[in-house]
Amino acid sequence: MKPCVAILATGGTIAGISHAPTTAGYCSGKVPIRQMIASIPDIDTLARLTGEQISNVGSQDMSFDILVRLTRRINDLLGQDDIDGIVVTHGTDTMEETAFFLHLTVNSPKPVVVTGAMRPANAISADGPLNLFNSVAVAADPDARERGVLVVMNDRIHGAHSLTKTNTTSVETFLSPVNGLVGTVNYGDTVYFRFPFRRHTFLSTFCTLFCRQDPIILPRVDIVYACLDMPPDLIDCSVAGGAAGIVIAGDGNGNMNQATMERAAQMAGRGIFIVRSSRVPTGRVGRNIEVDDDACGFIASDELNPAKARILLMLALAEKNSLQMVQQLFYTY
Ligand code: ASP
């Protein structure tokens with residue numbers, strides 16, 4: 001019998017409609033999932049499919065409310081013996097954040113694949129149909145199990161930990177610059193190169209946060225973007241707004257000017273969690289390089305970019321964790 005794959009749709013350009021097929025203007029999140037599935041030739045040869053609409057928004061409007069619902073729905077579905085894998089359709093703008101959130105919160109070894117498109121459904125050479133076809137092939141494939149949440153775009157299989165969006169318009173926008181690809185998929189034919197080596201999904205301890213049905217309060221964590229001669233009061237502004245943590249999108253190896261560093265260290269002394277990440281697109285941020293993290297009470301983000309560091313810090317602060325424990329989480333996940 002063919003495997004069974006549930007497609008959960010959240011919106012994005014893959015469900016978008018252009019004002020005209022040859023112009024760049026369009027609206028995200030218009031085409032319902034049933035219509036999307038029906039438009040793809042032979043997709044039902046890969047798997048038995050179900051489609052569900054979770055939301056229909058551009059991913060710039062994705063929210064933690066939707067993400068919590070999405071995680072719980074995925075966990076429910078994957079707990080059923082007759083469901084073999086999940087595909088989530090999503091906008092590309094915040095796809096890496098959603099994929100990483102699911103990577104930490106889905107409690108199953110079964111494949112979960114996030115996909116989307118750079119071109120709306122009715123554009124010339126729309127990329128959504130083949131991305132969805134390939135994603136169903138990966139989600140239906142037993143070899144995709146235990147690899148965490150995957151992102152399938154433009155024939156590439158990325159790990160949720162490593163991918164990042166690098167181009168505003170190109171269909172080859174997602175890259176996995178530090179760790180490389182998990183595999184490739186071509187018209188449904190899959191090849192895998194590796195397993196992601198950080199902890200994820202069925203081994204993640206964050207899954208327990210989502211077992212209960214009670215509302216989950218995720219603490220506010222802000223991202224402050226470092227730049228030449230930056231004003232240090234951006235840090236005060238976040239704390240005054242209620243942030244329990246701040247991720248600095250630092251320059252270079254997670255740097256910031258002296259004034260900001262002093263202000264951030266003061267706040268760390270008051271119990272605000274300060275994570276140093278980098279605005280540079282690739283590379284790690286290490287401890288105690290140019291900044292004395294031990295003295296300032298900072299956390300280094302290791303490989304996570306600011307957007308993903310924020311997701312991990314929010315989940316870490318939803319539980320009781322000390323500074324040292326949070327630093328350890330950045331080496332573990
Ligand atoms: N703004 C769109 C979104 O993230 C872009 C896309 O899907 O490619 O929903």
Side-chain angles (χ1 to χ4, degrees), residues 7-37 39-40 51-71 73-74 86-103 112-136 138-139 149-160 162-177 181 185 223 249 281 305-308 310-311:
I7 304 180
L8 304 183
T10 69
T13 300
I14 191 167
I17 291 291
S18 305
H19 304 324
T22 50
T23 60
Y26 73 99
C27 289
S28 276
K30 293 284 168 209
V31 181
I33 186 59
R34 285 187 195 293
Q35 192 179 324
M36 217 190 294
I37 296 170
S39 71
I40 302 177
E52 243 176 82
Q53 200 76 46
I54 300 289
S55 62
N56 213 352
V57 296
S59 71
Q60 56 272 44
D61 286 319
M62 184 49 62
S63 66
F64 286 103
D65 281 351
I66 301 174
L67 285 190
V68 169
R69 265 197 293 126
L70 182 63
T71 292
R73 185 65 187 134
I74 292 173
I86 301 281
V87 172
V88 175
T89 61
H90 196 285
T92 61
D93 288 356
T94 59
M95 184 180 280
E96 62 199 88
E97 285 154 88
T98 290
F100 190 57
F101 183 89
L102 298 176
H103 197 56
V112 176
V113 179
V114 183
T115 193
M118 291 300 287
R119 297 178 182 147
N122 62 332
I124 292 181
S125 296
D127 52 330
L130 187 52
N131 285 342
L132 187 52
F133 184 90
N134 280 333
S135 297
V136 169
V138 174
V149 172
L150 302 170
V151 171
V152 169
M153 291 279 296
N154 207 31
D155 293 3
R156 315 277 194 248
I157 307 173
H158 299 269
S162 54
L163 94 154
T164 189
K165 187 173 182 177
T166 64
N167 190 290
T168 51
T169 54
S170 166
V171 293
E172 182 64 340
T173 185
F174 284 103
L175 300 177
S176 289
L181 294 173
V185 51
I223 297 175
N305 68 20
K308 291 189 210 174
R310 173 174 174 256
I311 300 283

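Each ligand, and each atom within it, is numbered from 1 in the order the structure gives. As a basis for the values below, the full set of heavy atoms in this structure was taken, side chains included, without hydrogen atoms, waters or symmetry mates. Keep in mind the model is a prediction, meaning the values are calculated, not measured.
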Just distances here: any N/O of His90 and N/O of ligand 1 closer than 3.5 Å? no
For Ser59, the atoms of ligand 1 under 4.0 Å from one of its heavy atoms are 3 (C), 4 (O), 9 (O)
Is there a donor-acceptor contact under 3.5 Å from the side chain of Asn131 to the main chain of Ala117? no
Looking at ligand 1, would Ser28 count as a contact under a 4.0 Å heavy-atom criterion? yes
Exercise: identify the closest heavy-atom pair between Lys308 and Ala160: NZ-O, 2.9 Å
Could you tell me whether Lys165 and ligand 1 have an N or O pair separated by under 3.5 Å? no
Ala117 heavy atoms within 4.0 Å reach ligand 1 at atoms 6 (C), 7 (O), 8 (O)
Which residue holds the protein heavy atom closest to atom 8 (O) of ligand 1, what is that atom called, and what is the gap in Å? Thr92 OG1, 2.5 Å
Just wondering, do Glu172 and Arg156 contact through their side chains at under 4.5 Å, heavy atoms? yes
Enumerated ligand 1 atoms positioned under 4.0 Å from heavy atoms of Gly58: 9 (O)
Grab the two heavy atoms, one from Ala249 and one from Ile223, that are nearest each other, plus how far apart they are. CB-CG2, 4.2 Å
Test applied, side-chain contact (heavy atoms from CB on, under 4.5 Å); reference residue, Ser135; option that passes from Leu130, Ile157, Val113, Leu150: Val113
Looking only at atom types and distance, does a side-chain atom of Ser55 sit under 3.5 Å from a main-chain N or O of Thr10, one as donor and one as acceptor? yes
Enumerated ligand 1 atoms positioned under 4.0 Å from heavy atoms of Thr13: 2 (C), 5 (C), 6 (C), 7 (O), 8 (O), 9 (O)
Note: ligand 1 atoms sitting under 4.0 Å from heavy atoms of Gln60 are 1 (N), 2 (C), 3 (C), 4 (O), 9 (O)
Is the closest side-chain heavy-atom distance between Met118 and Lys165 below 4.5 Å? yes
What is the closest protein heavy atom to atom 1 (N) of ligand 1, and at what distance does it sit? Asp93 OD2, 2.8 Å
